[in-house]
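Order of the sequence lines sets the chain letters (A, B, ...), proteins ahead of strands, with each chain counted from 1.
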Amino acid sequence: MPRYAYRPFPYRKAPELSGSGRGEAAVAIVGAGPVGLTLAIDLALHGVPSVVLDDNDVVSIGSRAICWAKRSLEIFDRLGIGEKLVEKGVTWKIGRLHHRDREVYSFDLLPEPGHKMPAFINLQQYYVEEYLVARAGEFPDLIDLRWKNRVSDVKPGRGGVELSVATPDGPYRLHADWVVACDGSRSTVRAALGLDFAGRVFEERFLICDVEMEAEFPSERWFWFEPPFHAGQSALLHKQPDNIYRIDLQLGWDTDPEAEKAPERVIPRIQAMVGERPFEIDWVSVYTFQCRRMERFVHGRVLFAGDSAHVVSPFGARGGNGGIQDADNLAWKLALVLAGEAPESLIETYDDERIPAADENILNSSRSTAFMTPKSPMEATFRKAVLELAGTEPFARRLINSGRLSTAHHYRATGLSGEDALLPGEAPLAAPGAPPVDAPLGAGSGFLSERLGGGFRALWLGDPRHASNRFECECAEAGLKALAATSPEARRRYGAEKGPAVYLFRPDQHVAARWPEAAFSAARARAALTRASGRAG
Amino acid sequence: MSGERGPGLADPDGFYAALMAAHEGLSEAESAALNARIVLLLADAAGDEAAIAAIARARATAPQEKAGR
Ligand SMILES: Cc1cc2nc3c(=O)[nH]c(=O)nc-3n(C[C@H](O)[C@H](O)[C@H](O)COP(=O)(O)OP(=O)(O)OC[C@H]3O[C@@H](n4cnc5c(N)ncnc54)[C@H](O)[C@@H]3O)c2cc1C
């Protein structure tokens, strides 16, 4: 039985059913999973009200996401719960790979210090949702969260969408200007619109088990190919809070998923892995994984985010983390459009930016899953060769694929990016379209990621001795909030060591444009702002 | 990366995926023949010294199967 105490959230009769509701919403979010909740909070921070409809009244049940990546944590930090998550979670950055009885190699996902957020934390999805729900509750005037409200039908109409909602007190209708479907991989909204969800199923079964035990395993990701305790298959061990460990065991396609869930089958498998120490099973499931995505995520006024739009196999932790970045990308665009500060066409760029991101996640997850499940004798032969060479040949270690862990997507080809006026090759990881690169701002001054906030920002980077007030004057003229960073780390990471540079950040903190300071002006800032908010035509 | 002895693979996952895709649908004999052609072409790309060294390095990596039997 799960150790986590599931407390149902209070159901309330919808105002539409007691005659007081308007039956209208600027934004209706279907699904209060991690993605829907993130979106609602982000919209609220932009002042945009939303109605969130969820068919259930508890947080995520069972063994689902545990690994939350640095970029998600930075987004959660902007929403106000990042520190709480890190405090509760198990921080890790080292992965160890084993083949049979030996360690082949280890990797460090964040070898450089000076970032506020760690490479990863492990935290059960139910805690993440619990904290998101609590945060959403801090916006009572903006977030109308309705439990046990199931969306049963969706009819796009002129200038909006008609939702049919089923509740314990009966059905009602809600007209929304925009609907964001965050209703998971079996999306009702997607089905109601008759949209496809193409992709591939991996013919393999995995036993996913959460066990509670006292153990001295370090906070690292341990992966085994063909371990002695689980012959011929693969295994993964991850530490979670509350003395819970996540164990993934590859079972093979020919196994019976129901039979494998029986305790008399599961217990010996776990014992073989963890030895004599006592443990209790918290949750067991058997999964077959898939990689799929919708062809487009924008369908008029109906938008798809998270698992409703794309699913991946979990090796790489790209599902939830990808969905959080969807919400991060969409919230500010919806807010600008609803405020009349950007044309509706800005929403199309959600497709332009998040489809390549989903493809990157699908590509990496598919390759990892394929490496784990050789589907011909030749694939098995090559994998064996890679694993055997890896002991002495460093190049072969990079061919071992037990999961390429989630990183933030760089929007390389986006039409929202403006000028890149730095010297070619300067700080390529911070070129327009890039996610923010965090840096410490100096003793006691915190981190850059804490300052970027949720609006357009101009950042001056340089030696404090070269600071002038020209930058601030140009920003004021362009109506831009101005920030400055002078720490050596910030200057190095943004290519401002030789001379000062100016960066324009979007509300999702991705880089919109950048210049050497001398080239920066209010006019150029305005041009970049026009482009980044989709007003460039 | 230190310890690398060749120009190296900038995109190891891309290479591996392309290699697996090339073998898809082949019989074991066809796969073995394809491998032979790939080895010869890679030897040409690597040059005498590296190709000969690769043979020695591959042989030196004792397959565990054999050691165990
Ligand atoms: C074994 C496993 C391990 C995983 N590990 C990781 C990991 O380590 N890291 C990671 O990032 N991701 C991981 N994932 C993926 C992650 O769980 C999902 O990507 C994530 O839950 C997607 O969030 P979501 O909000 O889009 O959808 P969901 O979490 O599925 O939420 C959808 C919500 O919509 C509601 N809903 C559905 N239909 C309706 C309707 N008709 N009306 C109203 N409400 C509705 C549901 O009740 C639910 O609350 C893992 C998944 C699995 C299965």
Quiz item: Hey, mind stepping through A:Met378 and B:Met20 against side-chain contact (heavy atoms from CB on, under 4.5 Å) and telling me if it holds?
Solution: CA-CA 8 Å; A:Met378 190 48 67; B:Met20 294 306 109; over 6 Å; no
Quiz item: With a cut-off of 6.0 Å (strictly less than), are more than 12 heavy atoms of other residues, nucleotides or ligands near CG of B:Asp48?
Solution: no
Quiz prompt | side-chain contact (heavy atoms from CB on, under 4.5 Å) between A:Glu379 and B:His23, intermediate numbers included | solution = CA-CA 8 Å; A:Glu379 289 199 3; B:His23 283 278; 5.9 Å; no
Self-check item: Nearest atoms (heavy-atom pairs only) where A:Glu388 meets B:Thr61
Solution: O-CG2, 3.2 Å
Quiz item: Would you find more than 12 non-hydrogen atoms of other residues, nucleotides or ligands less than 6.0 Å from A:Gln271 atom CD?
Solution: yes
Quiz item: Side chain, backbone, both or neither: which part of B:Leu19 has an atom under 4.5 Å from a heavy atom of chain A?
Solution: side chain
Quiz prompt | Point-to-point distance, once rounded to the nearest 0.5 Å, from OG of A:Ser368 to CG of B:Asp13 | solution = 7.0 Å
Quiz prompt | Atom CD of B:Glu49: over 12 foreign heavy atoms under 6.0 Å | solution = no
Exercise. Starting from the C-alpha separation in whole Å, work towards a yes-or-no answer on side-chain contact (heavy atoms from CB on, under 4.5 Å) for A:Arg398 and B:Tyr16.
Key: CA-CA 10 Å; A:Arg398 295 170 58 228; B:Tyr16 199 81; over 6 Å; no
Quiz prompt | B:Pro12 and its side-chain contact (heavy atoms from CB on, under 4.5 Å) partner, picked from A:Asn401, A:Leu399, A:Ile400 | solution = A:Leu399
